[in-house]
Amino acid sequence: MFPVNTQDLSPDVPNLKPFMASDLYHRRMANSKAGGLKYLQYGVVGSMSLNNMLCTRCCEGFEPNEKIVNSAGELWHQECFVCAQCFQVFKDGIFFEFEGRKYCEHDFHVLFAPCCGKCGEFVIGRVIKAMNANWHPGCFRCENCHTELADLGFIKNGGRALCHECNAKLKAEGLGKYVCYKCHGIIDDQPLKFRGEVYHPYHFNCTQCGIELDENAREVRSRPGFAANDMNELYCLRCHDKMGIPICGACRRPIEERVVTALGKHWHVEHFVCAKCEKPFFGHRHYEKKGLAYCEIHYHQLFGNLCFVCNQVIAGDAFTSLNKAWCHHHFACSMCDQKMNQKTKFYEFDLKPVCKKCYEKFPNELRRRLGKQHAAQQRT
Amino acid sequence: MSAEGQVVSCIPNTSKMSKAKKVLEEAREIQNPELDLADKGIASFEELPGLLNMMNITRLTLSHNKIKVVPPALANLTNLEILNLANNNIEELPLSLSSMPKLRILNLSINRLYSLPRGFGAFPILEVLDLTYNNLNEKTLSGNFFQLETLRALYLGDNDFEYISDEIKNLKNLQILVLRENDIIELPKEIGELVRLRELHLQGNRLTLLPPEIGNLEVTNKSVFKFEGNDWVTPIADQLQLGVSHLMDFLKSETYRILYGRYQQNKPQVPPPCIDKAKKASRIR
Ligand SMILES: [Zn+2]
Ligand SMILES: [Zn+2]
Ligand SMILES: [Zn+2]
Ligand SMILES: [Zn+2]
Ligand SMILES: [Zn+2]
Ligand SMILES: [Zn+2]
Ligand SMILES: [Zn+2]
Ligand SMILES: [Zn+2]
């Protein structure tokens, strides 16, 4: 956070002390009746002293009865008391003094007074120095909501001046978080959605039991069918579950549209999915196994009822053996492709079926090894 | 040269040759798309006149013959889905095979392959590749071998692999990987990325350690992991005693991760080969 009035020098006003710190400012402030400005003081100085007195500018003496300008004890010819920049007499006697020189209002502004970063006008009176520029208090506003920032303070956010609230909101958005609609703080945990806004859950209590709510609280439409949500109420999860609205077995949220009932639970249509590929069944046939539901492809992939040869789902009876399954057409010896049936005796070779005839055609060396391994397995 | 090796295409066994011709004629007559020519004493495709014009066939079974050479023109059978050349004397394959557009199952087990043709990995939809009992190793696989992304099952048992390329991770659909009885010294951690793997056969190799990533593989009632016959370091051997699921949990543990790191600094001695490969029938030239 940056203070509103910094001591920084404004870069486009050379050699200017901070305006508030200048002599001029102090004198202006001291002379409140003069509205902070200096006025000419005309005086007729007595003749006895006139001889010793000289004009501050031209160092000449004064004529008797001549109007002499007296400013803070210094004397001038009237025609010598002029703006250090344009050499014109001061209009309405108003001048500004800076580093011992006097300027007309116009030139003082041009030379020394700051311009507002918003409207481009001179800033007289209170200058807001912020964001490397000067501003009228009314011109320095939050770039998001346009609140005056002079007395609220501001936050610099990516080159923009923002009020605290807007800054929190934008920061939360950047973090992918919400800002509580009630306290305007960032919601670090799960937000509670209620009547279209988001909140810290702890601002609310359960309509039924009064317990302070957490993120599991449920918003219930008290007038089902009405689009407006300003009648909605909040309940804690326990009270909500007692109200008898079906809860989806997947997302644990109430089901207000179509309910799918399967596996002893209720589901949102789009949440009743294959346990493997997570695609919704949308009314397509599902296969149940050990409390989970699967699509046809994954049921067969996982539970082995795709034929090892044709890789198609086996319709009708399957031959299952050796960690595999075969359709009626494809249950055959892996060496000679001769069909086999339940009664056919076969050997196992790398969990492939080999008919007796084929096994006997294996190289002797291989058969001996397989025989030994078989015997070893029998022992264990 | 063995006596077997001398029986080449010019002097075929006439009785068996006529059997093969009969099968071909029958198949042509009834338009049977599945051709069974197993155990017909066939030494050469020259004994199968007209076969390479039978465009309709979807399965060709030529196992238990004496075929040494596979003609490039076999790839003309563009409807072939299953090609079974198991238990022959094939030493080399034509490059053209890899272009067969519908080939899903290729059985080349029990042959005499010392290498695969360059570009072998180009099969567009190959699902099951059986190379069991040949003479292949990591240096003689084709450079693009692991581009066979559609493979469901890869059988490499009874070959001469010492290492498996980390490119195996490209075989995303692999459900079955058999590496039984090779000379494998080390496995790539990338095997742990084969999320669909449900059969892994590692018996009879020279393994001492498993990459912790193997623990990522899912253990279900449909998965089979075979680890016997390796020279496992004691902590792995102990877990195997308790069971495969214990081992898989152990591989996932922080304890094993640290242990594995230590073993990497100070690798266990590589055990000697345990099988006398010289006796393999696939070695006969
Ligand atoms: Zn002036
Ligand atoms: Zn302004
Ligand atoms: Zn709040
Ligand atoms: Zn309650
Ligand atoms: Zn749901
Ligand atoms: Zn699915
Ligand atoms: Zn089938
Ligand atoms: Zn058979």
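Note on naming: letters A, B, ... go to the chains in the order of the sequence lines (proteins, then strands), and numbering restarts at 1 for each one.
The part of B:Ile82 that comes within reach of chain A is its side chain, from C-beta onward, which places non-hydrogen atoms under 4.5 angstrom from that chain. For B:Glu81, no part lies near chain A; criterion is any non-hydrogen pair under 4.5 Å.
Residues of residues 172-180 of chain B that come within less than 4.5 angstrom of chain A, heavy atom to heavy atom, are B:Ile176, B:Val178, B:Arg180 in numerical order.
Counting non-hydrogen atoms of neighbouring residues, nucleotides and ligands closer than 6.0 angstrom, the CG atom of A:Asn341 exceeds 12 such neighbours. Heavy atoms from other residues, nucleotides or ligands lying under 6.0 Å from NZ of B:Lys226 number more than 12. Counting heavy atoms of neighbouring residues, nucleotides and ligands inside a 6.0 Å radius, atom NZ of A:Lys169 does not exceed 12 of them.
Contact count against chain A (heavy-atom pairs under 4.5 Å) is highest for B:Thr132 among B:Thr220, B:Thr132, B:Leu37.
Summarising the geometry, atom SG belonging to A:Cys336 is positioned 5.5 Å from atom NE2 belonging to B:His64; distances are rounded to the nearest 0.5 Å. Here the CG atom belonging to A:Leu370 is positioned 7.5 Å from the CG atom belonging to B:Asp158, to the nearest 0.5 angstrom.
A heavy-atom distance below 4.5 Å is found between the side chains of B:Glu199 and A:Lys324.
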>> Quick one, B:Ile110 with A:Met335, criterion side chain to side chain contact (heavy atoms under 4.5 Å, CB included). Give me CA distance, side-chain angles, the key distance, then yes/no.
In response: CA-CA 10 Å; B:Ile110 318 184; A:Met335 291 296 288; 3.8 Å; yes
>> Apply side chain to side chain contact (heavy atoms under 4.5 Å, CB included) to residues B:Glu127 and A:Phe308 and explain how you reach the verdict.
In response: CA-CA 10 Å; B:Glu127 295 176 19; A:Phe308 177 67; over 6 Å; no
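The pair B:Asp130-A:Lys352 meets the salt-bridge criterion, with a side-chain N (NZ, NE, NH1 or NH2) lying under 4.0 Å from an Asp/Glu carboxylate O.
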